[in-house]
Amino acid sequence: MSSLVKEDLAKRLFGPRRLRLQEFIEVEGSGGGRCYLCAAVTKSEEVEICMVKHFRVDREEKYEVVEKWFLKDLEMIDGKEADTDNPYFDMHFHKVYSLEAYSCASKYTFARTLNKLNEMYLKKDLKIVNFDDTYLNDDSIWSSNNRDCLVLMRICFYASNLLCLSLCPLS
């Protein structure tokens, strides 16, 4: 499902604006509508972060950019609490924007994407705080191409270890 939304966003909104959509996550929007937080790269290799509102008009999908920032202006991403499973995070630009992702995994996906884009295009000191480094780094054993499964994969690993341990005889 998310690949279809990404393809639709890329075709209808980012393609005409000559941007390459790198990643998007669903975030809680005001007014109960669907909103997406997107990261895209311009032809001049600037990284744009934008909030996109999704709505339907006469059975047609519509997207509207309601807020736009640049990665070069991002001072910090605050994951709120690294040791709890929460979807809340703040992005610090000239103002602090508090967001709620669809899931904790998608929050980490977006932070990883911004970190990677920063390394590729800006190489600036981007502060990413209150995130578990194990899930944030691409070189981690837990990283995968399907980043939404990251947390689930670790839970399954621990569960299988517990199962093996519980089946082992004590003597």
Side-chain angles (χ1 to χ4, degrees), residues 1-74 76-80 85-122 126 128 131 135-138 140 142-156:
M1 179 70 171
S2 66
S3 61
L4 294 175
V5 173
K6 186 174 182 178
E7 186 178 308
D8 199 36
L9 276 166
K11 181 176 126 186
R12 292 175 186 253
L13 184 66
F14 291 97
R17 294 176 54 222
R18 296 181 179 230
L19 295 165
R20 282 186 333 269
L21 178 61
Q22 297 295 311
E23 190 62 70
F24 81 100
I25 61 169
E26 188 172 343
V27 293
E28 190 65 34
S30 60
R34 259 195 185 158
C35 286
Y36 301 110
L37 187 60
C38 303
V41 179
T42 67
K43 286 272 187 199
S44 60
E45 296 187 341
E46 279 193 294
V47 179
E48 182 181 294
I49 303 166
C50 60
M51 180 71 68
V52 175
K53 179 98 171 135
H54 174 236
F55 53 96
R56 285 190 181 168
V57 176
D58 298 328
R59 296 184 182 171
E60 188 177 343
E61 306 293 325
K62 298 281 185 178
Y63 301 100
E64 177 186 351
V65 175
V66 293
E67 194 81 47
K68 181 170 79 170
W69 314 274
F70 288 97
L71 182 58
K72 67 182 178 187
D73 299 323
L74 181 62
M76 180 173 71
I77 306 168
D78 183 355
K80 302 282 192 169
D85 186 19
N86 77 61
Y88 303 100
F89 66 104
D90 291 339
M91 290 194 315
H92 295 245
F93 291 96
H94 61 280
K95 170 180 162 183
V96 177
Y97 295 88
S98 294
L99 301 162
E100 180 183 355
Y102 178 75
S103 67
C104 184
S106 63
K107 170 178 85 170
Y108 273 86
T109 296
F110 202 73
R112 261 192 313 278
T113 298
L114 293 182
N115 193 33
K116 186 185 293 183
L117 291 171
N118 178 54
E119 289 172 8
M120 288 172 63
Y121 297 107
L122 294 174
L126 177 62
I128 301 177
F131 281 87
Y135 302 118
L136 208 52
N137 298 322
D138 273 341
S140 164
W142 306 111
S143 71
S144 70
N145 289 336
N146 188 359
R147 294 175 206 95
D148 289 339
C149 294
L150 207 56
V151 174
L152 183 60
M153 197 167 86
R154 187 168 187 184
I155 291 169
C156 289

*Answer yes when Lys80 and Glu100 have at least one side-chain N-carboxylate O distance shorter than 4.0 Å, and no when they do not.*
no
_Once side chain to side chain donor-acceptor pair (under 3.5 Å) is applied, do any residues pair with Lys72, and if so which ones, sequence neighbours excluded?_
Glu46
*Lys43 side-chain N/O to Arg18 backbone N/O, donor-acceptor pair under 3.5 Å*: no
*Heavy atoms, side chains only, cut-off 4.5 Å: are Phe110 and Ile77 in contact?*
no
_For the student: nearest non-hydrogen atoms of Pro16 and Ala10, plus distance_ = CD-O, 4.4 Å
*Considering non-hydrogen atoms only, spot the tightest contact between Asn86 and Gly79 and give its length.*
OD1-O, 3.8 Å
*All ring-ring contact (aromatic ring centres under 6.0 Å, His included) counterparts of Tyr121, not counting sequence neighbours*: none
*Minimum heavy-atom separation for Asp78 to Phe131, with atom names?*
C-CE1, 4.0 Å
_For the CD atom on Glu7, are there more than 12 heavy atoms of other groups (residues, nucleotides or ligands in this structure) within a distance under 6.0 Å?_
no
_For a 4.5 angstrom cut-off between non-hydrogen side-chain atoms, does Val47 reach Leu122?_
no
*With a 4.5 Å limit on heavy-atom distance, are the side chains of Tyr97 and Asp90 in contact?*
no
*Do the side chain of Arg17 and the main chain of Thr42 share a donor and acceptor less than 3.5 angstrom apart?*
no
*asked:* What's the separation between atom CD in Gln22 and atom CE in Met120, rounded to the nearest 0.5 Å?
replied: 6.5 Å
*asked:* Between Thr113 and Leu117, does the side chain to side chain contact (heavy atoms under 4.5 Å, CB included) criterion hold? Intermediate values first, please.
replied: CA-CA 6 Å; Thr113 298; Leu117 291 171; 3.8 Å; yes
_Side-chain heavy atoms of Arg56 within contact of Glu61, under 4.5 Å_ = yes
*At their closest point, which heavy atom of Leu126 faces which heavy atom of Asn118, and how far apart are they?*
CB-ND2, 3.6 Å
*Write down the atom of Ile25, the atom of Ser106, and the distance for their closest heavy-atom approach.*
CG2-O, 3.3 Å
*Between His54 and Tyr63, what is the ring plane arrangement, given parallel below 30°, perpendicular above 60°, and tilted in between?*
parallel
*asked:* Less than 4.5 Å apart, side chain to side chain, heavy atoms only: is that true for Ile49 and Met91?
replied: yes
*Give the minimum heavy-atom separation between Cys38 and Leu21, together with the two atoms involved.*
CB-CD1, 3.8 Å
